[in-house]
Amino acid sequence: CAETAAEDGNGAGASGRSENIVSIISDLQRRTVMVFLQSSWSRTLGALAVVVAVLAAILHYTDGPEAEECPRMDLQAMEENFRQKNKSCFVLGASGETGRVLLKEIVERSLFSKVTLIGRRKLPFEDKAYENLVQEVVDFEKLEDYAAAFQGHDVGYCCLGTTKAKAGTEGFIRVDHDYVLKSAELAKAGGCTHFHLESSKGADKTSSFLYLKTKGQVEADIAELGFERYSIYRPAVLLVDRQESRPAEWMARKFLGAFSSVFSTMSIPITTVARAMVTNTLTDGEAKVEILENKAVYNLGNMGEKH
């Protein structure tokens with residue numbers, strides 16, 4: 001029995017040493033893999049940083065005319081002066097990311113005597129600050145039947161938009177061009193004098209890319225309507241955590257967000273876009289049709305930041 005026990009004991013010891021050796025080897029393998037991954041990740045980040053720098057340089061030189069720094073503004077005085085004019089406005093796309101933030105800016109600043117939301121459904125608001133909003137529910141496929149919703153507004157903000165991935169090619173064109181243009185036509189007929197359009201960086205009706213071509217085409221078509229003042233905003237990648245899933249944009253936002261203060265030509269916080277639209281409303285404007293590229297939007301939005 002003693003011999004058997006000794007054999008069992010030696011066997012257990014040998015087994016234990018074998019397990020230890022296997023454990024050590026496995027640990028070494030894990031460490032080797034981690035080092036490799038860390039090295040690969042570092043190289044990947046380095047490569048991405050180079051790509052970002054190159055893109056930033058390209059965008060810097062294709063961003064249109066150099067945006068001048070905005071002159072200092074007495075926003076409080078400008079807002080008070082604007083309130084005295086007793087103007088009304090409507091917002092299209094208030095359920096979207098930009099529209100939601102824009103509406104918040106408008107309501108908090110109490111700039112208009114009447115604010116109307118035009119959309120396909122009523123939006124719920126818990127904050128009492130929103131209790132005086134007027135909500136017009138429309139069918140965008142039959143907008144002609146809802147012309148009354150667009151009447152009597154001095155200022156119009158359009159933040160309507162979808163994606164090809166979400167709506168398909170035809171659906172995307174219908175929303176981002178047809179709905180937007182028809183809304184602008186009804187707004188013009190209803191007395192709107194200043195129309196704001198959220199477009200996109202790179203919008204060009206001659207572009208071979210559907211998204212940019214559609215954005216550029218609707219910009220041009222609305223210009224033909226002859227608003228007293230027409231403001232086009234062309235932001236780059238919007239830095240915001242969308243409630244809906246757009247994987248490509250999410251990846252771009254997460255990466256560009258870390259460089260937003262350095263490469264302002266590539267991205268822009270959505271709050272900055274909304275503030276730029278509001279601040280621009282307070283100014284008189286020098287051109288009947290004005291295009292604000294990303295850098296100009298960035299500068300104007302920062303000037304409009306509340307302190």
Side-chain angles (χ1 to χ4, degrees), residues 70-119 121-137 149-150 152-161 183 187 192-199 229 231-233 235 238-244 253 257 260-261 264 267-285 290 292 294 296-307:
C70 296
R72 294 188 62 83
M73 301 178 182
D74 185 347
L75 286 180
Q76 187 172 356
M78 292 173 67
E79 289 179 1
E80 185 56 36
N81 180 61
F82 189 85
R83 293 188 191 99
Q84 299 302 316
K85 298 178 181 179
N86 199 37
K87 291 189 175 186
S88 64
C89 78
F90 70 83
V91 179
L92 284 162
S95 63
E97 300 296 344
T98 303
R100 185 182 299 110
V101 178
L102 173 64
L103 178 61
K104 183 174 183 291
E105 288 287 324
I106 291 173
V107 170
E108 289 183 350
R109 295 172 189 260
S110 301
L111 296 175
F112 297 93
S113 58
K114 179 182 178 182
V115 178
T116 301
L117 306 185
I118 301 177
R121 60 184 174 84
K122 281 193 173 183
L123 302 179
F125 296 102
E126 297 181 358
D127 194 325
K128 288 186 177 181
Y130 294 84
E131 62 184 3
N132 293 323
L133 293 178
V134 176
Q135 297 203 52
E136 296 283 356
V137 178
F150 293 87
H153 307 291
D154 300 292
V155 180
Y157 298 96
C158 182
C159 302
L160 280 179
S183 296
C192 178
T193 57
H194 189 183
F195 191 81
H196 300 257
L197 175 67
E198 180 190 20
S199 184
R229 187 179 176 194
S231 302
I232 302 169
Y233 304 85
L238 297 174
L239 299 177
V240 61
D241 290 326
R242 286 189 187 278
Q243 293 185 345
E244 63 182 71
R253 287 195 303 272
S260 60
S261 60
S264 59
S267 62
I268 186 170
I270 202 165
T271 303
T272 303
V273 177
R275 286 173 179 165
M277 296 175 78
V278 172
T279 302
N280 198 34
T281 304
L282 305 177
T283 66
D284 294 329
E290 57 184 353
L292 287 80
N294 191 67
V297 176
Y298 186 87
N299 291 337
L300 188 60
N302 285 338
M303 288 299 297
E305 185 175 359
K306 294 174 291 183
H307 297 288

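Just the heavy atoms: all of them, side chains too, but no hydrogens, waters or symmetry mates, feed the values below.
Legend: residues meeting salt bridge (Lys or Arg N to Asp or Glu O under 4.0 Å) with E290, ordered by chain and number and at least two apart, are R229. Shown here are the side chain to side chain donor-acceptor pair (under 3.5 Å) partners of Y157, two or more places apart in sequence or in another chain: T281. Contacts of D154 classified as side chain to side chain donor-acceptor pair (under 3.5 Å), with partners at least two apart in sequence or in another chain: none. V137 pairs by the side chain to side chain contact (heavy atoms under 4.5 Å, CB included) definition with K122, not counting sequence neighbours. Residues satisfying the side chain to side chain contact (heavy atoms under 4.5 Å, CB included) test with V101, not counting sequence neighbours, are I270, T271, A274.
For the atom pair CG (L133) and CG (L117), the distance works out to 5.0 Å, reported to the nearest 0.5 Å. Taking CG from D74 and CG from L282, the interatomic distance works out to 11.0 Å, rounded to the nearest 0.5 Å. Distance OG1/T279 to CE/M303: 8.5 Å, rounded to 0.5 Å.
Between L239 and T272 the shortest side-chain heavy-atom distance does not fall below 4.5 Å. You'll find the side chain of C192 stays beyond 4.5 Å of the side chain of F150, heavy atoms only. Using a 4.5 Å heavy-atom cutoff, the side chains of V115 and V134 are not in contact. Side-chain contact between S183 and I118 is absent, with no heavy atoms from C-beta onward closer than 4.5 Å. With contacts defined as side-chain heavy-atom distances shorter than 4.5 Å, the pair F125/L103 qualifies.
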Name every donor-acceptor pair, under 3.5 Å, that has one atom in a side chain of residues 81-91 and the other anywhere in the protein, sequence neighbours excluded.
| from | atom 1 | to | atom 2 | distance (Å) |
| --- | --- | --- | --- | --- |
| R83 | NE | R109 | O | 3.1 |
| R83 | NE | S110 | O | 3.0 |
| R83 | NH1 | E80 | OE1 | 3.2 |
| R83 | NH2 | E79 | OE1 | 3.4 |
| R83 | NH2 | R109 | O | 2.7 |
| Q84 | NE2 | E80 | OE2 | 2.7 |
| N86 | OD1 | S113 | OG | 3.2 |
| S88 | OG | G152 | O | 2.9 |

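Pairing each heavy atom of T283 with each of N280, the nearest pair is OG1-O, 2.8 Å. Residue N294 comes nearest to S267 through the heavy atom pair ND2-O, 3.6 Å, listed as atom of the first residue, atom of the second, then distance. Taking each heavy atom of R275 and G301 in turn, the nearest pair found is CB-O, 3.7 Å. Heavy-atom minimum distance, V297 versus A276: O-CB, 3.5 Å. Of all heavy-atom pairs between C159 and T98, the closest is SG-CG2, 4.0 Å.
Q135 places a side-chain N or O within donor-acceptor distance of the main-chain N or O of L123, the cut-off being under 3.5 Å. At least one donor-acceptor pair under 3.5 Å links the side chain of R100 to the backbone N or O of S95.
Heavy atoms from other residues, nucleotides or ligands lying under 6.0 Å from CD of E131 number more than 12.
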### Query
Taking it one step at a time, do L292 and I232 satisfy side chain to side chain contact (heavy atoms under 4.5 Å, CB included)?
CA-CA 6 Å; L292 287 80; I232 302 169; over 6 Å; no

